[in-house]
Amino acid sequence: MKVCVVGIGYVGLVTAGCLAEAGNKVVCVDNDAEKIALLKKGIIPIYEPGLAEIVKHNEKLGRLEFTTDLKYGVDNSLVIFLAVGTPPKADGSADLSSIYSVAGQIAENLTDYRIVVTKSTVPVGTHRKITEIMKSKTQKPFDYVSNPEFLKEGSAVEDFMSPDRIIIGTDNASVREEMKQLYNPFMRKGNRILFMDPASAEMTKYAANAMLATRISFMNEIAELCEKLGADVEQVRQGIGADSRIGRAFLFPGVGFGGSCFPKDIRALIHSGAQCGIEMTVTRSVQQVNARAQARFVERIREYFDRRKDILLAVWGLAFKARTDDVRESAAVNCIRMLLGWGIKIRAYDPEAGEPASAALEGKIEIFENGYDALDGADALVIFTDWQEFRNPDFELIAAKLKRPVIFDGRNLYDPEVLKKAGIEYHCIGRASVG
Ligand code: NAD
């Protein structure tokens, strides 16, 4: 099938690459000329495991091309995916200006029937608005599909290739068949396509993200209580996760969630509720507990050092999660901003996110190519991201390099007993400190 993807970011590039891998011919359109120039040179502007190989392979075979020319993409495809950003506005609502602008431009360039598919996360009712915009600009026939994306950064290619489910929001039977054909190659786990109306598809995305964020905030609240009452949240997590009604996923307490989706989608959901006169009590609490988890972690570090400012901290992990270079609303970046504001100095390492984090923090932190180099002379090590390479480090070397052998672990990566034996003072979330 001939496909166009507009908006070549984390979602768009993965979508385009994976659809090309299944044999489709895909035109990738982005209005960021610099990004398109890099992609044309074979340089992948983001880090996502497995993505570079797929993109390079399919470009070589002529199944993937990159352009800033939207008209070219519209002319050379039957299905056009919209994967542009929908960032938060100051009032919490989703900024839909890019998606509306692209929808309008597609309509203006239509010469024949096309299927327009929204992958971006958009509030309920956006399907109506996009259809209206397009109808006001063209007499040509088109159909609209709401197809929210559920991939996770860090395993996006895997998620796209083998999804838990595909949500297709359309009331049109022939469009369902086209979408089925497009997604059939990814149904290795059996048919997992769920058809529904567009409004329900749009809501499914927000409800899924809010549910996952709720689990994290709930565990952070329990962790806080565990600390006060002398229980160990890691044992509690395993105890409740073993209940098949609850399950083990998304029960990890820590320094709070971040990223380009959960915080923004929660704000948008609260805003949607307010517009309908509904107080989104649970969702608002999720947001509050998350902010508290971050502030509490920073406060604990400050308290430990008697609120002194002449502190140098080594940081491991800057991305909002492991296996990505994305630092948008990263808990690490938020917390570091608070620490810098207090006057504390930071030396940091992240396997992929050093550069974007340094840019987000206006160059106010020192970035290292190696985690151990960041430790020299630091007053403590602070861990923000659960990268695999942080899980079993050389504790002797850590203790030797730090000015004081202290770790503040915002992801509960270590066994406190192991750290105690290594002579390291260990502070984590929801369980007793050791050392
Ligand atoms: P992103 O910022 O990485 O990519 C968006 C791309 O759209 C950028 O390359 C930008 O240049 C391009 N763009 C913006 N305006 C454009 C225009 N007018 N014409 C052409 N291109 C334009 O964003 P992302 O993380 O890929 O997210 C995209 C959407 O998917 C968002 O709505 C997001 O909520 C949703 N989503 C993201 C994820 C994720 O993990 N990142 C997962 C599921 C859903």
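Ligands are counted one by one from 1 in listed order, and the atoms in each one are counted from 1 as well. All values below were derived from every heavy atom in this structure, side-chain atoms included, with hydrogens, water molecules and symmetry-related copies excluded.
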**Q** Please could you name the atoms of ligand 1 that Val6 approaches to less than 4.0 Å, counting only its heavy atoms?
**A** 20 (C)
**Q** How does Thr121 reach ligand 1, by side chain, by backbone, by both or by neither, if only non-hydrogen atoms under 4.0 Å count?
**A**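 Both parts.
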**Q** For atom 17 (C) of ligand 1, grab the closest protein heavy atom and report residue, atom and distance to one decimal in Å.
**A** Asn31 ND2, 3.2 Å
**Q** Would you mind reporting whether Ile106 and Leu82 have side-chain heavy atoms less than 4.5 Å apart?
**A**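 Contact flag for Leu82/Ile106 side chains = yes.
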**Q** Consider ligand 1: state whether an atom of it lies below 4.0 angstrom from any non-hydrogen atom of Lys205.
**A** yes
**Q** In the protein, what heavy atom is nearest to atom 4 (O) of ligand 1, and what distance, to one decimal place, separates them?
**A** Gly9 CA, 3.2 Å
**Q** Using only heavy-atom distances, determine whether the side chains of Gln287 and Arg284 contain a donor-acceptor pair under 3.5 Å.
**A** no
**Q** So Tyr183 and Phe160, would you call those rings parallel, tilted or perpendicular, with 30° and 60° as cut-offs?
**A** tilted
**Q** Within the 4.0 Å heavy-atom shell around Val102, which atoms of ligand 1 are there?
**A**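 So the answer, numbered in order with elements, is 17 (C), 18 (N), 19 (N).
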**Q** If only side-chain N and O atoms count, and only distance matters, is there a donor-acceptor pair under 3.5 Å linking Tyr113 with Asp143?
**A** yes
**Q** When you look for heavy atoms under 4.0 Å from ligand 1, do you find them on the side chain of Lys35, its backbone, both, or neither?
**A** side chain
**Q** Quiz question: by atom type and distance under 3.5 Å, do the side chains of Tyr10 and Asp325 form a donor-acceptor pair?
**A**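 Yes - a donor-acceptor pair under 3.5 Å links their side chains.
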**Q** Using a 4.5 Å cut-off on heavy atoms from C-beta on, say whether the side chain of Asp386 contacts that of Arg391.
**A** yes
**Q** Report yes or no: is the cationic atom of Arg215 (NZ for Lys, CZ for Arg) closer than 6.0 Å to the six-membered ring centre of Phe250, at no more than 45° off its axis?
**A**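 Here Arg215 fails the 6.0 Å and 45° test against Phe250.
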**Q** Check Ser260 against ligand 1 and report side chain, backbone, both or neither, counting heavy atoms closer than 4.0 Å.
**A** side chain
**Q** Regarding ligand 1, does Asp32 bring an N or O atom to under 3.5 Å of one of the ligand's N or O atoms?
**A**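 No, since none of the N or O atoms of Asp32 sits under 3.5 Å from an N or O of ligand 1.
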**Q** Considering only protein heavy atoms, which is closest to atom 27 (O) of ligand 1, and at what distance to one decimal place?
**A**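 Its nearest protein heavy-atom neighbour is Val11 CG2, 4.1 Å.
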**Q** With a 4.5 Å limit on heavy-atom distance, are the side chains of Val26 and Asn58 in contact?
**A** no
**Q** Would you say the side chains of Tyr349 and Asp373 form a donor-acceptor pair under 3.5 Å?
**A** no
**Q** Among protein heavy atoms, which sits nearest to atom 41 (N) of ligand 1, and what does the distance come to when rounded to 0.1 Å?
**A**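 It is Glu153 OE2, 2.7 Å.
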**Q** Looking at Gly85, which atoms of ligand 1 are within less than 4.0 Å of one of its heavy atoms?
**A**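 Ligand 1 atoms under the 4.0 Å threshold to Gly85: 5 (C), 7 (O).
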**Q** Report the C-alpha distance between Arg411 and Phe252 in whole Å, list the side-chain angles of each, state the deciding distance to 0.1 Å, and finish with yes or no for side chain to side chain contact (heavy atoms under 4.5 Å, CB included).
**A** CA-CA 8 Å; Arg411 297 289 167 198; Phe252 293 89; over 6 Å; no
**Q** Tell me which protein heavy atom sits closest to atom 25 (O) of ligand 1, plus the residue, atom name and distance to 0.1 Å.
**A** Arg328 NH2, 2.8 Å
**Q** Would you please determine whether Lys264 falls within less than 4.0 Å of ligand 1 on a heavy-atom basis?
**A** yes
**Q** Would you mind telling me if ligand 1 is within reach of the side chain of Ala83, the backbone, both or neither, using heavy atoms under 4.0 Å?
**A**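 Looking at Ala83 and ligand 1, just backbone atoms fall under 4.0 Å.
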**Q** Taking side chain as C-beta onward, heavy atoms only, is Phe150 less than 4.5 Å from Asp159?
**A** no
**Q** Please work out whether any backbone atom (N, CA, C, O) or any side-chain heavy atom from C-beta onward of Val122 is under 4.0 Å from ligand 1, and answer side chain, backbone, both or neither.
**A** neither
**Q** Test your reading of the structure: does Glu149 have an N or O sitting under 3.5 Å from an N or O of ligand 1?
**A** no
**Q** Using a 4.0 Å cut-off to any heavy atom of Ile8, which atoms of ligand 1 qualify?
**A** 6 (C), 9 (O)
**Q** Determine, for Arg237 against Glu234, whether the closest basic-nitrogen to carboxylate-oxygen distance falls under 4.0 angstrom.
**A**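 Yes, this pair counts.
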**Q** Report the nearest protein non-hydrogen atom to atom 29 (C) of ligand 1: residue, atom name, distance rounded to 0.1 Å.
**A**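 Here the closest protein heavy atom is Val84 O, 3.5 Å.
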**Q** Is the shortest N/O to N/O distance between Gln105 and ligand 1 below 3.5 Å?
**A** no
**Q** Provide, to 0.1 Å, the distance between atom 11 (O) of ligand 1 and the closest protein heavy atom, together with that atom's residue and name.
**A**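 Atom 11 (O) of ligand 1 sits closest to the protein heavy atom Asp30 OD1, 2.6 Å.
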**Q** Nearest heavy atom to atom 15 (N) of ligand 1 wins, so pick from Ser98, Ser101, Gly104.
**A** Ser98
**Q** Run the salt-bridge test on Lys89 and Asp91 with the 4.0 Å N-O cut-off and return the result as yes or no.
**A** no
**Q** Would you mind checking which non-hydrogen protein atom is closest to atom 31 (C) of ligand 1, with the distance to 0.1 Å?
**A** Thr86 OG1, 3.5 Å
**Q** Under 3.5 Å, is there a donor-acceptor pair between the Tyr100 and Thr126 side chains?
**A**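 The answer is no; no qualifying pair exists.
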